[in-house]
Amino acid sequence: MLTDQELLRYSRQILLQHVDIDGQLRLKHGRALIVGLGGLGAPVALYLAAAGVGELHLADFDTVDLTNLQRQIIHDTDSVGQTKVDSALRRLTAINPEITLIAHRTALDADTLAAAVEAVDVVLDCSDNFSTREAVNAACVAAGKPLISGAAIRLEGQLSVFDPRREESPCYHCLYGHGSDTELTCSEAGVVGPLVGLVGSLQALEALKLLAGFGEPLVGRLLLIDALTTRFRELRVKRDPGCSVCGTQHG
């Protein structure tokens with residue numbers, strides 16, 4: 001059950017008929033893995049902690065740099081030089097001491113990534129490179145766990161949900177194929193801070209919908225954000241039967 005303190009803390013959320021007490025309890029018992037605590041992972045972690053997701057697994061092997069502070073709002077000037085995980089732990093504990101935080105301070109290899117994905121109900125890919133996204137996607141397909149994938153660079157953002165529990169859902173590889181390891185990162189191409197905040201906030205919203213069981217997740221749809229003109233577009237994306245990750249001959 002929810003304590004009196006929890007009922008008060010989450011009261012504005014519980015007032016929503018789509019959440020109510022049952023949805024808040026599902027959030028309390030929910031577990032989420034956040035891969036990357038940078039521009040996307042910052043708002044994801046803050047909002048999921050504030051919303052009362054009971055167990056957050058935080059994965060990042062990097063340290064906080066001064067250049068991060070323009071957009072990675074979970075960190076502050078005193079965090080510079082700390083691991084991003086430790087900086088996030090401090091901030092999230094201050095926001096909501098009621099939840100459990102589990103730290104992954106080193107890079108996740110195939111075995112540790114598989115175990116980390118298996119231990120949660122939903123995975124949020126907030127990383128900034130294609131190889132990590134591919135590895136996280138493969139682990140989610142293998143474990144049958146939904147993946148909320150976001151990306152932002154320059155003035156453009158993307159968001160989609162891949163749910164292997166749903167037969168019609170594509171996976172990340174269906175959409176992006178083998179991609180390219182030469183793709184630019186934010187440190188090379190630049191990015192505006194509120195854009196990653198917007199994409200990360202939408203990732204957090206999708207996670208709450210999946211965990212609490214309300215609304216229509218962004219499955220089979222790719223949301224494209226043009227920050228320069230403040231326009232949103234949506235594309236339908238289908239599962240690729242010949243996908244080397246989730247295709248029928250590989251499932």
Side-chain angles (χ1 to χ4, degrees), residues 12-13 15-16 18-19 32 34-51 53 64-76 84 88 91 95 122-130 132-133 136-137 146-163 169-172 174-177 179-180 182-212 214-238:
R12 300 301 186 270
Q13 195 162 269
L15 282 171
L16 299 171
H18 295 93
V19 179
I34 304 170
V35 181
L37 293 168
L40 299 173
V44 165
L46 291 169
Y47 274 120
L48 295 189
V53 175
V64 179
D65 185 83
L66 185 62
T67 60
N68 300 150
L69 302 185
Q70 163 255 356
R71 64 199 177 281
Q72 300 181 16
I73 58 173
I74 200 168
H75 312 300
D76 55 37
K84 290 186 178 179
R91 182 76 178 279
I95 289 175
V122 65
V123 178
L124 298 106
D125 185 353
C126 304
S127 63
D128 64 354
N129 64 88
F130 182 78
T132 299
R133 293 174 186 143
V136 171
N137 174 69
L147 169 63
I148 303 168
S149 179
I153 195 165
R154 297 191 180 98
L155 290 159
E156 299 173 352
Q158 298 184 3
L159 177 75
S160 192
V161 175
F162 308 106
D163 193 345
S169 174
C171 76
Y172 181 88
C174 291
L175 184 58
Y176 294 102
S180 172
T182 62
E183 293 177 351
L184 293 176
T185 64
C186 292
S187 62
E188 298 164 316
V191 68
V192 65
L195 173 62
V196 290
L198 175 60
V199 175
S201 295
L202 289 171
Q203 285 183 271
L205 176 60
E206 292 299 308
L208 295 180
K209 287 158 61 177
L210 288 169
L211 291 171
F214 68 91
E216 180 185 351
L218 198 64
V219 175
R221 297 178 288 149
L222 175 66
L223 184 66
L224 302 175
I225 302 169
D226 182 347
L228 191 62
T229 60
T230 316
R231 286 190 170 91
F232 295 75
R233 288 193 301 139
E234 184 181 293
L235 302 178
R236 292 283 177 178
V237 290
K238 295 182 178 180

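Given the structure is predicted, the values throughout are model-derived calculations rather than measurements.
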key: Exercise: identify the closest heavy-atom pair between L208 and A51   = CD2-CB, 3.7 Å
remark   = With sequence neighbours left out, the residues meeting side chain to side chain donor-acceptor pair (under 3.5 Å) with T132 are N129
request  = Keeping to residues at least two apart or across chains, list the salt bridge (charged side-chain N to carboxylate O under 4.0 Å, His left out) pairs with something in residues 194-209.
outcome  = E206-K209
query = Does any non-hydrogen side-chain atom of L48 lie less than 4.5 Å from one of L124?
reply = yes
message = Working to the nearest 0.5 angstrom, can you tell me the gap between I34 CD1 and C126 SG?
response = 6.5 Å
request  = Can you establish whether the number of heavy atoms outside E156 located under 6.0 Å from its atom CD is more than 12?
outcome  = no
key: Pair listing, salt bridge (charged side-chain N to carboxylate O under 4.0 Å, His left out) test, anchored in residues 225-234, at least two apart   = R221-E234
ask   = Roughly how far apart are I225 CD1 and L155 CG, rounded to 0.5 Å?
value = 12.0 Å
key: Distance in Å, L159 CG paired with S149 OG, rounded so as to fall on 0.5 Å steps   = 7.5 Å
query = Would a 4.5 Å heavy-atom cut-off, applied to side chains only, mark L210 and V161 as touching?
reply = yes
inquiry  = Suppose we screen for side chain to side chain contact (heavy atoms under 4.5 Å, CB included). Which residues come up paired with L69, at least two apart in sequence or across chains?
reply    = V64, L66, H75, T77, V80
task = State whether the side chain of R91 and the backbone N or O of I73 hold a donor-acceptor pair below 3.5 Å, judged by distance alone.
result = yes
Kindly list each side-chain donor-acceptor pair under 3.5 angstrom involving residues 194-205, sequence neighbours excluded, with atom names and distances?
residue: S201; atom: OG; partner: G197; partner atom: O; Å: 2.7
residue: Q203; atom: NE2; partner: D125; partner atom: O; Å: 3.2
residue: Q203; atom: NE2; partner: I148; partner atom: O; Å: 3.2

note = Of L218, L175, V219, the one forming a side-chain contact (heavy atoms from CB on, under 4.5 Å) with F162 is L175
inquiry  = Testing the basics here: between F214 and H18, what is the closest heavy-atom pair and its distance to 0.1 Å?
reply    = CB-O, 3.4 Å
remark   = Sorted by chain and residue number, the ring pair (Phe, Tyr, Trp, His ring centres under 6.0 Å) partners of Y47 (sequence neighbours excluded) come out as none
Donor-acceptor contact present, side-chain Q13 to main-chain V19, <3.5 Å = no
note = Closest non-hydrogen atoms of G215 and P217, given as atom of the first, atom of the second and distance, are O-CD, 3.6 Å
ask   = For residues 189-199, which residue pairs qualify under side-chain hydrogen bond (donor to acceptor under 3.5 Å, both in side chains), counting only residues two or more places apart or in two chains?
value = none
query = Got a second to check how far N137's CG is from C174's SG, nearest 0.5 Å?
reply = 8.0 Å
